[in-house]
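Sequence lines set the chain letters: A, B, ... in the order given, protein chains first and strands last, and positions in each chain run from 1. Note that the structure is a prediction, hence the values are computed from the model and not measured.
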Amino acid sequence: AQKVTQAQTEISVVEKEDVTLDCVYETRDTTYYLFWYKQPPSGELVFLIRRNSFDEQNEISGRYSWNFQKSTSSFNFTITASQVVDSAVYFCALSEARRGSYIPTFGRGTSLIVHP
Amino acid sequence: KAGVTQTPRYLIKTRGQQVTLSCSPISGHRSVSWYQQTPGQGLQFLFEYFSETQRNKGNFPGRFSGRQFSNSRSEMNVSTLELGDSALYLCASSHGQGDFYGYTFGSGTRLTVV
């Protein structure tokens, strides 16, 4: 069973539109971490946000906001007033404890294309 | 503070050969993990090293191996290369203990097997 589901394979928007990237996860652990990463064409995964399972507060960082809802096992990411530079592949990841470590399991990613 | 450094950035190898990839973590980080990224399978966990010991392992064949040195630098080796091993290999580092703040990734090594 897929632990992290990003149902949207590709999203195409026009600049200044708002866009929400969906992420649904599955875990039996009570302690876990959720992440969003951005992967531009250069290939490096850029950290965007970390949330632990005990912190359901939503977060806003500039044009980025995240909505964490344990009741629906979702951790959605919204970009407000999208820009061409936001074009990238975005990955949601779930980290569960495993032998003293928290190994991230990634979703398949959502490719966001922002047209000028 | 230097980031995670992976070398080389690009590599072309022939089927049957072996290859070694290198990863230098952020200073002070003791955990290094490796991921394989392909269009078909996405990002898949290979293994994690912490204090020179393999702490976790993904579901990859024995042709994929790694090691970590006392300075936390890590190498990954793939023997008897197959066409399907063509991928972006990403390395990530973290403190490896205490509060978990996530992984910092390198830019990756793009391996092409011909």
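Residues passing the salt bridge (charged side-chain N to carboxylate O under 4.0 Å, His left out) test with B:E75 are B:R67, B:R73, sequence neighbours excluded. With sequence neighbours excluded, the residues forming a side chain to side chain donor-acceptor pair (under 3.5 Å) with A:E59 are A:R51, listed by chain and number.
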Should B:Q37 and A:L45 be marked as a side-chain contact (heavy atoms from CB on, under 4.5 Å) after you check the CA-CA gap, both sets of side-chain angles, and the distance that decides it? CA-CA 11 Å; B:Q37 185 178 19; A:L45 281 169; 5.8 Å; no
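Between A:E44 atom CD and B:L88 atom CG the span is 11.0 Å, to the nearest 0.5 Å. Between atom CZ of residue A:F47 and atom OG1 of residue B:T104 there is a gap of 8.5 Å, rounded to the nearest 0.5 Å. Interatomic distance, B:Y103 OH to A:S101 OG, rounded to the nearest 0.5 Å: 3.5 Å. Residue B:K57 holds its NZ atom at 13.0 Å from CD1 of A:I103, rounded to the nearest 0.5 Å.
Proximity of the aromatic rings of A:Y37 and B:F105 is defined here by a centroid distance below 6.0 angstrom, and this criterion is met. Between B:Y35 and A:F106, the distance from one ring center to the other falls under 6.0 angstrom.
Between chain B and the residues A:G43, A:P104, A:S95, the most heavy-atom pairs under 4.5 angstrom are made by A:P104.
Other residues, nucleotides and ligands place no more than 12 heavy atoms under 6.0 Å from the CD atom of A:Q57. A 6.0 Å sphere centred on CZ of B:R63 holds more than 12 heavy atoms belonging to other residues, nucleotides or ligands. Counted within 6.0 Å of CD1 on A:I113, heavy atoms from surrounding residues, nucleotides or ligands total more than 12; the atom is thus considered enclosed. When the shell of 6.0 Å around CD1 of A:I60 is examined, it contains 12 or fewer heavy atoms from other residues, nucleotides or ligands.
The shortest non-hydrogen separation linking B:R9 to A:S42 is NH2-O, 3.4 Å.
B:F50 and B:V4 are assigned to two separate hydrophobic clusters, defined by single-linkage of ILVMFWY side chains at heavy-atom distances under 4.5 Å.
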